There are 2 protein chains.
Amino acid sequence: MKRANIQDVAKLAGVSPSTVSRALNSFPGISERTRQKVIEAAKKLNYKPNYRGQILTTRSTKNIGLLITDITNPFFPELVRGAEETASESSYTILLGNTSESVEKETNYLDFFSRGPVDGVIISASRIPNEHIINLAEEGLPIVVINRILEHPKISYISTDMEKGGYLATKHLIELGHIRIAFINGPSHSEAAKRRFLGYKKALTEAKIEYDPDLASFNIPVAESGYREAIKLLNTKNPPTSIFTYNDLMAFGVMKAVKDLGLKIPDDLSIVGFDDIFFSSFTDPPLTTIRQLKEELGKKAVELLLELMKGEKRGILLEPELIIRNTTSRR
Amino acid sequence: MKRANIQDVAKLAGVSPSTVSRALNSFPGISERTRQKVIEAAKKLNYKPNYRGQILTTRSTKNIGLLITDITNPFFPELVRGAEETASESSYTILLGNTSESVEKETNYLDFFSRGPVDGVIISASRIPNEHIINLAEEGLPIVVINRILEHPKISYISTDMEKGGYLATKHLIELGHIRIAFINGPSHSEAAKRRFLGYKKALTEAKIEYDPDLASFNIPVAESGYREAIKLLNTKNPPTSIFTYNDLMAFGVMKAVKDLGLKIPDDLSIVGFDDIFFSSFTDPPLTTIRQLKEELGKKAVELLLELMKGEKRGILLEPELIIRNTTSRR
DNA sequence: CTGTTAGCGCGTTCAT
DNA sequence: ATGAACGCGCTAACAG
């Protein structure tokens, strides 16, 4: 059964194609009688406007490109859900690009997006340099970046206040009497990692604790990195009494390492994560962490993009929150 | 800076638009000199073929629609990643539809997909009736369904052997001496739920244990359902000694309920989940469960779709595996 | 209120 | 080996 097009409907209804278009898109200035006639014909032929023709003339795809690094990290699904729900309220669909932390894939996706399959792009991936993003924006592609602060007249951004997050985590540990506080950080190129690092150092400085480079490392943000670095740190002569990780996944890795070494959490080691993903309240013991508003990040990013497509640029900073559970205790 | 189109390149290279198209798509029958000239012009203008014009003439979008119910359930991200990786190897991009268990959203997405933004669709969502899927397939949309067995000449499917999964879980509990085995099942309309139920009953029958309807329920497949049903079951006069859940998320809910009631796992209650998501090995205690090959499901689904677009239909059944951890013990 | 015409940007004939 | 002309399906602009 071949698909009916607008001509078929026009013929059956005895009107012109443009009248069909007007009737179906509820334009004003058309008689109710004609509208009904068209609607009936359309229904009879099971007519649905062809997307490919439609976007060519309307110049809108009703798609939003969303670039993320790792859908397997529960941080992102929550963000995606927030984005998806808000998008679908405005009849937009999400075109998802999962880059698996690969620069090449990020670039490919962005190139593809810039060729026209989407009306705008949300970038929640870290490896793409700002200049590349700016270039595309100046070519006319509406872009919103998540968790990177990029001030540019054609780009909107929304980010958790990362520096504050790093500060809150470190200060919490300091207040519990910890002095040797390690930071298993994320990728060195990531702005989020840099800003959290700033917050970490700020808290140390405030407490007059000297920063020890041996206690800080940059890593791929997966559980295995947390495991590996924790083993390394705990086997040194002067091990830390607490570890702050770039994200909860890495904290899970740390917890596993501690258990494998036969140590107790939080008695032998205090741990603070970042993100507050769903499972962090289910671990043993439940994880102390810095909460990001993940759904909000996705939701607001879509709203910003919709505004940006109308020409309104904005930047938003979201507050992180310290969630105290049971992986931290007094030294 | 306005985007260059094929005409601009043609003008700069001093050739016709069709020559540009041939040169850039590496067609035979074109002089090397001309090709170089065109490539150079294209580079100078930063030309990228306009996607919207391209799909109209090539009749291929290089997009695949992927419908899932709940991206927040870690089962799906792993599936999505498998699909995404395989798709991008063939230069396809995933258009993601998250339906949040809503029939309306499923239908909307499917309608949208059928209008032309994708070359084919993968459905990993349960509420859409088979007839609807068949209709779209007969209109010419290539469709692959995941975890539902749908025999039709124009539809391919890939599914874990759900009945076997249900059977393995139940048999494991029976072998540990359990007789009162509850099944907190998923949605009643879901084929996966029905088939697991079949396996559950089969194992009971084999062991000559009478099926007790009070021990089985149908639910929305989220952690809260597991919690709620577990509380209900454990507060009856003759509570079960073990619970099998539709998925791991629900098992997490059950574990929380057991702890809240002050009981011990697995001494007071044995638990078996389904899926083996990443976090199931991190819970306290680690969860015994039935493993589905999630990435494989996504990967194979894309392969099947690509084949289906060439006209080859197939159906694949994947073997589930019992993963024994520490939430089950001898009665 | 409705029909006619043009054009979106490509790829693909069919000529040359 | 290359150019000219056409068409994909729709909507917007113009005409009546």
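Remember, predicted model here, so these are calculated numbers, not experimental data. Reminder, nothing fancy here: chain letters follow the sequence lines and each chain counts from 1.
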When you measure from the side chain of [X], which nucleotide among [options] comes out closest?
X	options	value
Ser31(B)	dC10(D), dG3(D), dA1(D)	dA1(D)
Asn25(B)	dT2(D), dG11(C), dC10(D)	dG11(C)
Asn50(A)	dG9(D), dG3(C), dC10(C)	dG9(D)
Ser16(B)	dG3(D), dT2(C), dC10(D)	dG3(D)

Figure out the [atom1]/[atom2] separation between [X] and [N], and round it to whole Å.
X	N	atom1	atom2	result
Arg115(B)	dC10(D)	CZ	P	9 Å
Lys11(B)	dC10(C)	NZ	P	13 Å
Ile55(A)	dA12(D)	CD1	C1'	17 Å
Asn5(A)	dG7(D)	CG	P	14 Å
Arg59(B)	dG9(C)	CZ	P	19 Å
Asp8(B)	dC10(C)	CG	P	9 Å
Gln7(B)	dC8(C)	CD	C1'	11 Å
Ile30(A)	dC1(C)	CD1	C1'	8 Å

Mark yes or no for whether [X], through its side chain, and [Y], through its backbone, hold a donor-acceptor pair below 3.5 Å.
X	Y	answer
Ser90(B)	Ala87(B)	no
Ser124(B)	Ile146(B)	no
Arg52(A)	Gly116(B)	yes
Arg148(A)	Ala125(A)	yes
Lys313(A)	Pro153(A)	no

dT11(D) OP1/OP2 closer than 4.0 Å to side-chain N/O of Tyr51(A):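 Checking dT11(D) against Tyr51(A), no side-chain N or O comes under 4.0 Å of OP1 or OP2.
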Side chain to side chain donor-acceptor pair (under 3.5 Å) partner of Gln36(B), the single match among Glu40(B), Arg33(B), Glu32(B): Glu32(B)
Sugar-phosphate only, base, or nothing, as touched by Leu56(A) at under 4.0 Å among non-hydrogen atoms: base
Qualifying residue, where the test is salt bridge (Lys or Arg N to Asp or Glu O under 4.0 Å) with Lys105(A) and the options are Glu89(B), Glu85(B), Glu84(B): Glu84(B)
Under 3.5 Å, N/O pairs linking protein and nucleotides 12-16 of chain C:
none

